[in-house]
Amino acid sequence: MLYQIRHQTRFSYSQPVATSRQLLRMTPRSSERQQVQRATLSIAPQPFSSRERVDYFGNPVTDIDIHEEHLELALTASAQVAIRAQENLLLELSPSWEAVARDITAPKSRAMWDAARFCFASPRIRLDGVRSYARLSFRPGRALLPAVEELTERIFRDFEYEGGVTDVMTPVASVMRSRRGVCQDFAHLAIACVRAMGLPARYVSGYLLTHPEPGKEKLVGADASHAWFAVWCPEFGWVDFDPTNNLRPAEEHITLGWGRDYGDVAPSIGVIRGGGRQTLEVSVDVRPVSSPRSSAGPLQRSADATSTRPASNRDLLEP
């Protein structure tokens with residue numbers, strides 16, 4: 001499947017901003033199942049300096065400095081991405097979760113060393129208070145991937161999708177108590193559960209193609225940023241799961257980047273001088289340009305794509 005993606009972010013300020021320094025992760029990354037054919041990033045006002053690089057996790061990053069006084073910062077990322085669906089894996093053939101947890105403590109390959117980085121607590125994912133919930137799926141001797149699949153289904157069933165009740169700083173413990181949240185929260189929770197069992201799991205940020213209700217037209221900009229998670233398993237590699245929609249991502253999930261948690265892949269993080277009150281508007285449009293669906297598929301849940309709300313200087317975009 002080939003997609004055209006357009007992601008627009010606009011910051012409006014009540015007072016002039018004298019200088020702005022931003023770290024942008026708005027360019028999708030290529031991977032085994034995803035090929036970025038072209039990507040552009042438009043910035044207004046024009047930055048005084050701009051530098052492209054790759055971060056510790058291999059995600060494309062653009063660092064910008066703006067020295068021109070401005071009341072608005074507009075970011076438009078466009079990309080054309082080809083997605084190949086993951087093969088139909090026989091999850092029950094995966095080794096037991098105990099064997100993977102044991103082997104990952106003494107990595108014997110480069111792939112295992114890479115995965116071992118994702119076994120521990122991270123700044124936004126603490127492991128306290130989740131082990132008892134996780135153990136319901138990780139029963140003794142059970143194969144790893146079916147256990148993760150069951151965990152994904154349980155989160156989908158046990159937690160209510162509700163926007164506006166959490167933010168990018170909400171800890172996993174709060175989500176456990178309230179049993180409400182959005183895709184970012186459910187991904188963080190799932191990762192905490194997997195890591196609490198001594199297993200590697202990473203946070204994945206990206207986009208989700210959405211479908212309008214029957215009889216309604218698809219609105220421009222009404223798609224969404226989204227978040228899910230992936231678990232590493234020997235011979236299978238990284239396998240993705242989406243607890244928000246209780247499915248394994250296939251051709252309608254487009255990866256932007258991955259890391260330990262949301263903080264590693266926030267699309268924009270910045271520091272400004274001046275600005276006063278800030279408002280953020282986000283619009284995402286994902287359009288298939290080949291192999292279009294013949295009919296609308298099931299509605300899927302993800303974060304709001306178009307919004308207007310106050311914004312802070314850090315963690316400026318929720319998934």
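If you read the sequence from its start, that first residue is 1, and numbering goes on from there. What you see is a predicted model; the values in this text were computed from it and never measured.
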Q: Any donor-acceptor pair under 3.5 Å linking the side-chain atoms of Ser283 with those of Glu281?
A: no
Q: Between Ser132 and Arg135, do the side chains contain a donor N or O and an acceptor N or O under 3.5 Å apart?
A: no
Q: So Phe229 and His188, side chain to side chain contact (heavy atoms under 4.5 Å, CB included) or not? Walk me through it.
A: CA-CA 8 Å; Phe229 75 105; His188 278 170; over 6 Å; no
Q: Taking Arg25 first and then Asp264, would you say they form a salt bridge - that is, a charged N and a carboxylate O separated by under 4.0 Å?
A: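 Salt bridge absent between Arg25 and Asp264.
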Q: To the closest 0.5 Å, what do you measure between CZ (Phe241) and CG (Leu151)?
A: 9.5 Å
Q: Quick one: pull up CZ in Phe186 and CH2 in Trp228 and give me the separation to the nearest 0.5 Å.
A: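 These two atoms lie 16.0 Å from each other.
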Q: Starting at NE2 of His70, measure out to CD of Gln46 and round the result to the nearest 0.5 Å.
A: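 Going from the NE2 atom of His70 to the CD atom of Gln46 covers 12.5 Å.
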Q: How would you list, by chain and number, every residue that makes a side chain to side chain donor-acceptor pair (under 3.5 Å) with Ser78, sequence neighbours excluded?
A: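 Applying side chain to side chain donor-acceptor pair (under 3.5 Å) to Ser78 gives none.
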Q: A quick test of your reading: do over 12 heavy atoms of other residues, nucleotides or ligands sit less than 6.0 Å from CZ of Arg33?
A: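 Result for CZ/Arg33: enclosed.
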Q: So, do Phe11 and Ile272 sit near enough that their side-chain heavy atoms are less than 4.5 Å apart?
A: no
Q: Is there side-chain contact between Asp242 and Arg248, with at least one heavy-atom pair below 4.5 Å?
A: no
Q: Would Arg139 and Trp97 satisfy side chain to side chain contact (heavy atoms under 4.5 Å, CB included), going step by step from the backbone distance to the final call?
A: CA-CA 9 Å; Arg139 298 183 288 276; Trp97 69 266; 5.7 Å; no
Q: Would you please indicate yes or no on a ring centroid separation below 6.0 angstrom for Tyr207 and His253?
A: no
Q: For the pair Phe118 and Trp238, name the ring-plane relationship: parallel under 30°, tilted 30 to 60°, perpendicular over 60°.
A: perpendicular
Q: With rounding to the nearest 0.5 angstrom, report the NE2 to SG distance, His226 to Cys183.
A: 5.5 Å
Q: Got a sec: does the CZ of Arg21 have more than 12 other heavy atoms crowding it under 6.0 Å?
A: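 Open: at most 12 neighbouring heavy atoms sit under 6.0 Å from CZ of Arg21.
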Q: If you measure from the Lys or Arg side-chain nitrogens to the Asp or Glu carboxylate oxygens, is any gap between Asp285 and Arg287 under 4.0 Å?
A: yes
Q: So Tyr161 and Arg180, do their side chains get closer than 4.5 Å, heavy atoms only?
A: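 No, side chains not in contact.
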Q: I need the Ser50 OG to Ile64 CD1 distance, nearest 0.5 Å.
A: 7.0 Å
Q: Please say which of Glu150, Glu98, Glu149 ends up in a salt bridge (Lys or Arg N to Asp or Glu O under 4.0 Å) with Arg142.
A: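 Exactly one candidate clears the test, Glu150.
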Q: Not counting sequence neighbours, list each pair that qualifies as a salt bridge (charged side-chain N to carboxylate O under 4.0 Å, His left out) and has a residue in residues 34-52.
A: Arg51-Asp63
Q: Go through it in stages, so that I can follow the logic: the residues are Thr19 and Phe48, the test is side chain to side chain contact (heavy atoms under 4.5 Å, CB included), and I'd like the CA-CA distance, side-chain angles, deciding distance and then a yes or no.
A: CA-CA 10 Å; Thr19 59; Phe48 174 79; over 6 Å; no
Q: Using 0.5 Å steps for rounding, measure from the CZ atom of Phe138 to the CZ atom of Arg131.
A: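 Between Phe138 CZ and Arg131 CZ, I get 10.5 Å after rounding to 0.5 Å.
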Q: Verify, without hydrogens or angle tests, whether Arg154 (side chain) and Tyr133 (backbone) share a donor-acceptor contact under 3.5 angstrom.
A: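 Flag set: sc Arg154 to bb Tyr133 pair under 3.5 Å.
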Q: So, do Arg124 and Arg260 sit near enough that their side-chain heavy atoms are less than 4.5 Å apart?
A: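 No, their side chains stay 4.5 Å or more apart.
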Q: Tell me whether the count of non-hydrogen atoms from other residues, nucleotides or ligands lying under 6.0 Å of CD in Glu235 goes above 12.
A: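 Result for CD/Glu235: open.
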Q: Examine the side chains of Ser122 and Arg195 and answer whether a donor and an acceptor come within less than 3.5 Å of each other.
A: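 Arg195 and Ser122 do have a side-chain donor-acceptor pair below 3.5 Å.
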Q: Begin with the C-alpha distance, continue with both residues' side-chain angles, and end with the deciding distance and a verdict on side chain to side chain contact (heavy atoms under 4.5 Å, CB included) for Arg277 and Gln15.
A: CA-CA 7 Å; Arg277 186 176 59 85; Gln15 299 177 19; over 6 Å; no
Q: Which heavy-atom pair separates Pro243 from Thr152 by the least distance, and what is that distance?
A: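 Looking at all heavy atoms of both residues, the shortest contact is CA-CG2, 3.5 Å.
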Q: Could you go through the salt bridge (Lys or Arg N to Asp or Glu O under 4.0 Å) check for Arg179 and Glu160 one step at a time?
A: CA-CA 6 Å; Arg179 298 294 172 114; Glu160 180 181 356; over 6 Å; no
Q: Which atom pair, heavy atoms only, marks the closest approach of Ser94 to Ala143?
A: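 Where Ser94 meets Ala143 most closely, the heavy atoms are O-CB, 3.4 Å.
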Q: Report yes if the side chains of Asp103 and Pro234 come closer than 4.5 Å at any heavy-atom pair, otherwise no.
A: no
Q: Counting only heavy atoms not in Arg157, do more than 12 fall under 6.0 Å of its CZ?
A: yes
